[in-house]
Structure formats: C-alpha cells, structure tokens
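Single-structure report; data block below.
Lettering follows sequence order; numbering is per chain, from 1.
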There are 2 protein chains.
Amino acid sequence: MTSVSTEPRETDGPTPATAPTGGSAAQRERRRRILDATITLAAEGGFDAVQMRAVAEQAEVALGTLYRYFPSKIHLLVSALAREFTKDVDRSAIRATPGDTAHERIMYVLNRRTRALQKQPKLTEALVRAFMFADQSVTGEIHEVGTSLTTVISRAMHGTPDHGEVTEEEAAIIRIISDVWLSALISWVTGRMDAEDVEKSIDVAVRLLLR
Amino acid sequence: MTSVSTEPRETDGPTPATAPTGGSAAQRERRRRILDATITLAAEGGFDAVQMRAVAEQAEVALGTLYRYFPSKIHLLVSALAREFTKDVDRSAIRATPGDTAHERIMYVLNRRTRALQKQPKLTEALVRAFMFADQSVTGEIHEVGTSLTTVISRAMHGTPDHGEVTEEEAAIIRIISDVWLSALISWVTGRMDAEDVEKSIDVAVRLLLR
DNA sequence: GACTGATGTAGAACGTGTTACAAGTCTAGA
DNA sequence: TCTAGACTTGTAACACGTTCTACATCAGTC
C-alpha cells in the first residue's frame, strides 16, 4: 500500500483487459484466473493475504502481467467485489424478490447478501476494506459496485425485475440504505458489530426511511 | 501498509502515552508534537505524505518512539482525527446550537464541520481514509470518534448542551445520519461527489429521518 | 517464412510501513 | 549518590506494494 496515489493514473494506451469483456479469449481467461486467485486468497487470509506476488503465482501469470490487468491491489480487490455483486444483479433480474412489502423485499435481498458475506468473513474483510480505502483512481470500479447495489435494492423495492422509473426520493432512500449497509458491514468486519446488529441496523434504517 | 494486521495487537505492558492524558509532562508533550506533525504533513500531502519517518523527524522523536506511542500509521491518523473531533464536542458543550428545528440545528453542525474539512482536502483525505481502513486493533480510537460524533449530533438534535435522555429511535437516527455523513465524506474525498452533493445528501437523509 | 509491435515472463530494484537491536538517558527509590 | 528499570535514540533489517528491465512469445502483415 506504499503508494496508492491520489492522482488519477495514467493509462498507458488501451489497457489489455481491464474491462471484463473485450480482449482475446486468452486475456479473458487470464483475467478470470487472476480474480479467482484473488477471491481464493482473500477467503483464506483476508486483506493481508492477498499479496500481489501470491496472486500472480496462483493465477500463473507474471507479476508484471498482473499489474497490467489491475494497476493496484485495490483495483484488483474492488474488481473482484464488482464481479461478485454482478451475480446478485443477474439473479435479481431473473425472478421477482419474495416479500409482500418493500421493506420485506429489501430486507430479504440485503440479508441474503449479508449472510453470504458473513459466511466468509476473511473474504468480506478484504473486499470491504479495499472498497473503503479506494481512492480516485478506482472511481470506475467503485461506480460499478454502486450501480449493482442500487439496481438490486431498487428492484427489491418495487418487487419486480424491471427497473421502472425511480423517483428522486426513492433514489435518495436507496443511497441512504446503501450507506447504512456498507457502514454496518465495515463495523462488522472490524468487530464493532455482530451479525445480528448488522441486520438490525439495516432494518431500522429501512423502516425509518420507508414509513 | 504492509501489515495492518487483523488480529488484536499485543500490548507490551502499559503503553506510555497512548491515552491523551496520563504519562509525564514530557510524554504528553511528545504525544502532542507527534499529532501536530501528523496533521501538518497530512494537510500538505494527504495520506501518502504522512510517512512514519517524516512524522518522527518533524516531531523530533525517534521512529521507535513514534511506534511506542502509536502502534501503526492508522492508529496515528485516527487518533489525530479523534483529537480534532474533540474540539467540536467541546464547542457544542459550551453554547446552544443555532437553529429553530432539529433539522436546522443538525445541518448547522454538520455543515460547519463539513466545510471545515473541505477547506483542507488533503488533511481530510488522510483522516477519512485512515478511519475507513482501520481494522479491529483500532477499535478504541474509532469508538472515540463515533462517540464524539454522536454527542455532537445528539446535542444539535435537542438544541441544548445537556445530553438529556436519548430514545432508542433517536439513537438509531443519529447513527444513520453519521453513516450517511461519513459515506458522503468518503465520496467527496475520492472525487465521486462535490461539496454541494455532500450537503445535499445529508440534508435529504436528515429530512427523511426526522419527518 | 520473416518482420514488427503488443503482450507476457522472470526477476531485480525501490519505497515505505514495521520490527529489531544496541546503546544512551532519565526517573524513582534505596 | 547510586542503581534498576523504563524510556528514548539511531540505525539496520525485513516485508510487501509497486516499478523497471531485458528477454521471450504470439498475432497479424508483407
């Protein structure tokens, strides 16, 4: 973490496979291997265990290649988080969320994801801390995560996979719920809240906001 | 940041002056110099500029001494943040917050602090990112910051310096407002929101929560 | 097939957070 | 005053994120 620069990073021309799509099949494959290795290492030992040399070795790419794909450890971890979140978005697109009220549906979605995260505390610690530590240069990946979260909550709010129009107020509420959820996760990751507190704090926020 | 361990840190007996009070006069003086140096360096160059060797040099203590007082860079920065926040608490204890409604008073307090932070973007970047990156071992310092924030908002809510009883619901609201504020600050620090967005997002949250 | 530029590899090197250590200094109590 | 122990200093060493360099490989073009 010696120099996670605050300045925007220079792109040395078209980076080969920073985007999930594009690049040759071999490149998409390498990207996948790198993210898989990241998740594996993070799940085993958390943020500190995701060492760039170890990721490169496990993904069977050279260190330089790893850096060509992901310009920093933070980019790497946030990209991994983005990939995980994409799964929720995909799922929420397929079928309607169970629950009779917006409150129930939102809690259902967030609790499902929360519990999944809590099953892998080390992984969560790595991903959440990277997300929180990210600086300006990671704006793109961060935004991707934010969009996924917003989409999922928005769908849960309306109960249907199609987005529908989201009012200004709804958008504000969704943003606040996201903030509370992330804060709670951070608190949980760092041992300041237990699993139950997390669900409770989100529940209270949702209740206060949707009344 | 090579090894911000997730494990709780061993205390090698009574640390000399980790607490703001206690220790000899010379020790309190050293602690003050260290935190002053931290703030100065952070204000000039942000998180990356707060280099432990530089802090030690500017504070005129040995590197080992710096680490004896603050066991990591994160502890150092979060302690600096805690000291800054204490000032707000002290101020809020002296006089009533201006404003006719809880909404106005809370916005007054938070906006005042927000603008103060925005005047020193580098410093804010350093402090906020350290706060967000903090792990379990920093629980004490983090809690100190959280308590200050809660106290200030709570006083603003009621309009008087005396705490009064805070209901369960009020406490929940205060926590949510804190979460939103911190999230907004992070977004601002990393360039994902501008100054106006920060105030607006807090305003919306306060309005939704206090209605 | 040979050339060329982009991509990948292996490994050294650098910077900064952190730890370790030997020696000096200060303080409390005999 | 003297001594034991805690504290401080100065400096070296180590770990890991990041950068750099020299060379190999591969895809597309002639």
Is the distance from OP1 or OP2 of C/dG8 to the nearest side-chain N or O of A/Tyr69 less than 4.0 Å? yes
What integer distance in Å separates A/Arg68:CZ from C/dA6:P? 10 Å
Could you pull out the closest heavy-atom pair between A/Gly45 and A/Lys122, with the gap in Å? C-CD, 4.0 Å
If I take atom NE2 in residue A/His75 and atom C1' in nucleotide D/dT18, what distance separates them, rounded to the nearest angstrom? 13 Å
Regarding the side chain of B/Gln51, the nearest nucleotide among D/dG17, C/dT18, C/dG17 is C/dG17
Are B/Arg83 and B/Glu144 ion-paired here, with the side-chain N under 4.0 Å from a carboxylate O? no
Between C/dT16 atom C1' and A/Lys73 atom NZ, what is the distance in whole Å? 14 Å
With B/Thr124 via side-chain contact (heavy atoms from CB on, under 4.5 Å) - residues at least two apart: B/Leu117, B/Val128, B/Trp188, B/Val189
With the threshold set at 4.0 Å, does a side-chain nitrogen-carboxylate oxygen contact exist between A/Glu29 and A/Arg32? yes
Quick one: A/Asp135 CG to D/dG17 P, roughly how many Å, whole number? 16 Å
List the atom pairs, with distances to 0.1 Å, where a side-chain N or O of residues 191-199 of chain B and a protein N or O form a donor-acceptor pair under 3.5 Å, not counting sequence neighbours.
from	atom 1	to	atom 2	distance (Å)
B/Arg192	NH1	B/Thr190	OG1	2.8
B/Asp194	OD1	B/Glu196	N	3.1
B/Asp194	OD1	B/Asp197	N	2.8
B/Asp197	OD2	B/Asp194	N	3.2
B/Glu199	OE1	B/Arg115	NH2	3.1
B/Glu199	OE2	B/Arg115	NE	2.9
B/Glu199	OE2	B/Arg115	NH2	3.1

Please enumerate all protein N or O atoms sitting under 3.5 Å from an N or O of nucleotides 9-12 of chain D, with distances to 0.1 Å.
from	atom 1	to	atom 2	distance (Å)
D/dT9	OP2	B/Ala62	N	2.9
D/dT9	OP2	B/Thr65	OG1	2.6

So A/Val50, base contact, sugar-phosphate only, or nothing? Heavy-atom distance under 4.0 Å. sugar-phosphate
Whole Å only: how far is the OH atom of A/Tyr67 from the C1' atom of C/dA12? 15 Å
Quick one: is D/dA6 close enough that its OP1 or OP2 comes under 4.0 Å of any side-chain N or O from B/Gln27? no
Can you tell me which residue among B/Ile39, B/Thr38, B/Thr40 is in a side chain to side chain contact (heavy atoms under 4.5 Å, CB included) with B/Leu123? B/Ile39
Please answer whether the main-chain N or O of B/Thr97 pairs with a side-chain N or O of B/Arg105 as donor and acceptor at a distance below 3.5 Å. no
Take atom CD of B/Glu29 and atom P of D/dC7, then tell me their distance rounded to the nearest Å. 18 Å
Starting at the 5' end of DNA chain C, which residue's closest nucleotide do you reach first, B/Ala26 or B/Met52? B/Met52
Provide, to the nearest angstrom, the distance between the CG atom belonging to B/Leu41 and the P atom belonging to C/dG17. 11 Å
Rounding to an integer number of Å, can you tell me how far A/Phe70 CZ sits from D/dT19 P? 16 Å
